[in-house]
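To start, the structure itself, in structure tokens.
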Amino acid sequence: KVLWNAFGYWRVWYAVFLYVLSALLQFMPVLILTNMVGYFESPDPDNYPALLFHPWGNVVGLFVFPVLVSLLQTKSQVILNHCSIFIRTSVSALLFSKALTISAAGRAQTSTGQVVNMMSNDTQQLQRFLQFVGFTLVAPIQIVISLVLIYRQVGNATWVGVGFMIALVPVNGFVFSKVSQMRRRVLQYSDARVKMVNEILAGVRIIKFYAWEGPFGKEVARLREKELQALTTLAYTTAIGFSLILLSAPIINPLLVFLAYIHISGESLDAATAFTTIALFNIMRFPFAFLPMGLLQFAQSKIALRRISKYLMLSELSGYVVHELPPAVSGTSTGSIKENGDDALFIEDDD
């Protein structure tokens, strides 16, 4: 609630509104494409009323609507990125201020590593959540509209494609969980390597004195090799996983839907139905990919807020600045007492 009140509900909801508007406009080129393909299959001036616009107006619409979608999405992302950076900076400053005023009893309940982890990882989770909030809120709308339009094109064959995309959800979660584990492993090796290098730099005199350059060099090389192996595995897993989810799925899914459509209806597949269905499945693949990520990020952000709140509630040092004139000073001091603009008193020596 504090973060919402500090940075304003209206900014986030304005960005979400822009993203929802862009998501709705994203379907206009698909509808225009359906009408244009149907018109070119049998070009007849009498078909103009069936089109959304005049054929040349449709051509202009295929250029205008994607431009509007890009502008609205970019504006929305700029607002959310600004808010996320402001929130991460303010929470980091708040944690730093708390670290300066925490009492000994409160310090005993935490550790330096935990504070550093909160300032780096937990604040980053809050930042990433705001970056994903637009995708997460708009994803159900895009999925529902896409399914309705696909159902109007191919009927019950739609559910074959829906089943295929639902079957990809566990694969999506497995890939992202593996990527997260490998990232943590890379960070562990990086931390170990940096720690080793710092220890070498701190004790370089002893290392040179005992001629230990070789063993320490081998240890650093071993840690670097493990880090490089982890980075290589992470890169391959990310490339293969995202290629499987975001690139191959939009190719396989329409093929399954078209086979089911031909088998169920027994009709031939026309160009308008094919192009429209493929375009709608391309729109729907990103909501299916980003919706689990957004929900996962929401859960991680709640955990981060809980950890930060628990740390901020620890006991602090009591104030020791006195804004009153001590009784002993008023009668014995040889200096003059002055008052500044903040009602705080200080003593100025006569010399």
Does any non-hydrogen side-chain atom of [Y] lie less than 4.5 Å from one of [X]?
X    : Y    : value
Q131 : L80  : no
L137 : V20  : no
T277 : L149 : no
F281 : V257 : yes
I308 : L126 : yes
L130 : I87  : yes
L31  : T276 : no
R11  : C83  : yes

Which residues pass the salt bridge (charged side-chain N to carboxylate O under 4.0 Å, His left out) test with [X], sequence neighbours left out?
X    : value
K218 : none
R193 : E227
E219 : R222

To the nearest 0.5 angstrom, please state how far the [atom1] atom of [X] sits from the [atom2] atom of [Y].
X    : Y    : atom1 : atom2 : result
I145 : I150 : CD1   : CD1   : 12.0 Å
Q125 : R88  : CD    : CZ    : 9.5 Å
Q26  : L280 : CD    : CG    : 10.5 Å
M182 : T233 : CE    : OG1   : 6.0 Å
S301 : R128 : OG    : CZ    : 9.0 Å
L234 : R185 : CG    : CZ    : 10.0 Å

According to a hydrophobic-cluster definition based on side-chain heavy atoms being under 4.5 Å apart (Ile, Leu, Val, Met, Phe, Trp, Tyr only), do [X] and [Y] belong together?
X    : Y    : answer
F86  : V2   : no
M313 : L305 : no
L24  : W13  : yes
L259 : W159 : no
I141 : V12  : yes

> Is there any ring-ring contact (aromatic ring centres under 6.0 Å, His included) pair reaching into residues 117-146, and which pairs are they, with sequence neighbours excluded?
Replying inline: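 Of all non-adjacent pairs touching residues 117-146, those that pass ring-ring contact (aromatic ring centres under 6.0 Å, His included) are Y19-F135, F129-F298, F135-F290.
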
> T101 side chain to S97 main-chain N or O, any donor-acceptor pair under 3.5 Å?
Replying inline: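 Indeed, once roles are kept as given, a pair shorter than 3.5 Å links the two residues.
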
>> Looking at S103 and L317, would you say the former's side chain and the latter's main chain have a donor-acceptor pair under 3.5 Å?
In response: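 No.
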
Looking at [X] and [Y], what are the two nearest heavy atoms and their distance?
X    : Y    : value
Q142 : P287 : OE1-CG, 3.1 Å
A230 : V186 : CB-CG2, 3.6 Å
L314 : G106 : CD1-O, 3.5 Å
I283 : S146 : CG2-OG, 4.1 Å

side-chain contact (heavy atoms from CB on, under 4.5 Å) partners for [X], two or more places apart:
X    : answer
Q229 : E225
I278 : P254, F258, N282
I200 : M196, I207, F216, V220
V160 : L256, A260

> Restricting to pairs with a member in residues 287-314, which pass salt bridge (Lys or Arg N to Asp or Glu O under 4.0 Å), not counting sequence neighbours?
Replying inline: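 Salt bridge (Lys or Arg N to Asp or Glu O under 4.0 Å) check on residues 287-314 returns D122-R307.
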
>> Please enumerate all residues that pass ring-ring contact (aromatic ring centres under 6.0 Å, His included) together with Y261, with sequence neighbours excluded.
In response: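 For Y261 there are no ring-ring contact (aromatic ring centres under 6.0 Å, His included) partners, ignoring immediate neighbours.
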
> What residues form a ring-ring contact (aromatic ring centres under 6.0 Å, His included) with Y210, not counting sequence neighbours?
Replying inline: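 Result, ring-ring contact (aromatic ring centres under 6.0 Å, His included) vs Y210: W212.
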
>> Show, in sequence, the C-alpha distance, side-chain angles and deciding distance for L231 and Y189, and conclude whether the side-chain contact (heavy atoms from CB on, under 4.5 Å) test is met.
In response: CA-CA 10 Å; L231 285 171; Y189 289 136; over 6 Å; no

>> With side-chain contact (heavy atoms from CB on, under 4.5 Å) as the criterion, how do I102 and R107 come out once you've worked through the C-alpha distance, each side chain's angles and the decisive distance to 0.1 Å?
In response: CA-CA 6 Å; I102 191 171; R107 192 177 293 109; 3.6 Å; yes

Hey, is [atom1] on [X] packed in by over 12 heavy atoms from elsewhere, all under 6.0 Å?
X    : atom1 : result
R152 : CZ    : no
F27  : CZ    : yes
F164 : CZ    : yes

Show me the donor-acceptor pairs within less than 3.5 Å that the side chains of residues 60-78 make with the rest of the protein, sequence neighbours left out.
{"residue": "S70", "atom": "OG", "partner": "P66", "partner atom": "O", "Å": "3.0"}
{"residue": "T74", "atom": "OG1", "partner": "S70", "partner atom": "O", "Å": "2.7"}
{"residue": "S76", "atom": "OG", "partner": "A15", "partner atom": "O", "Å": "2.7"}

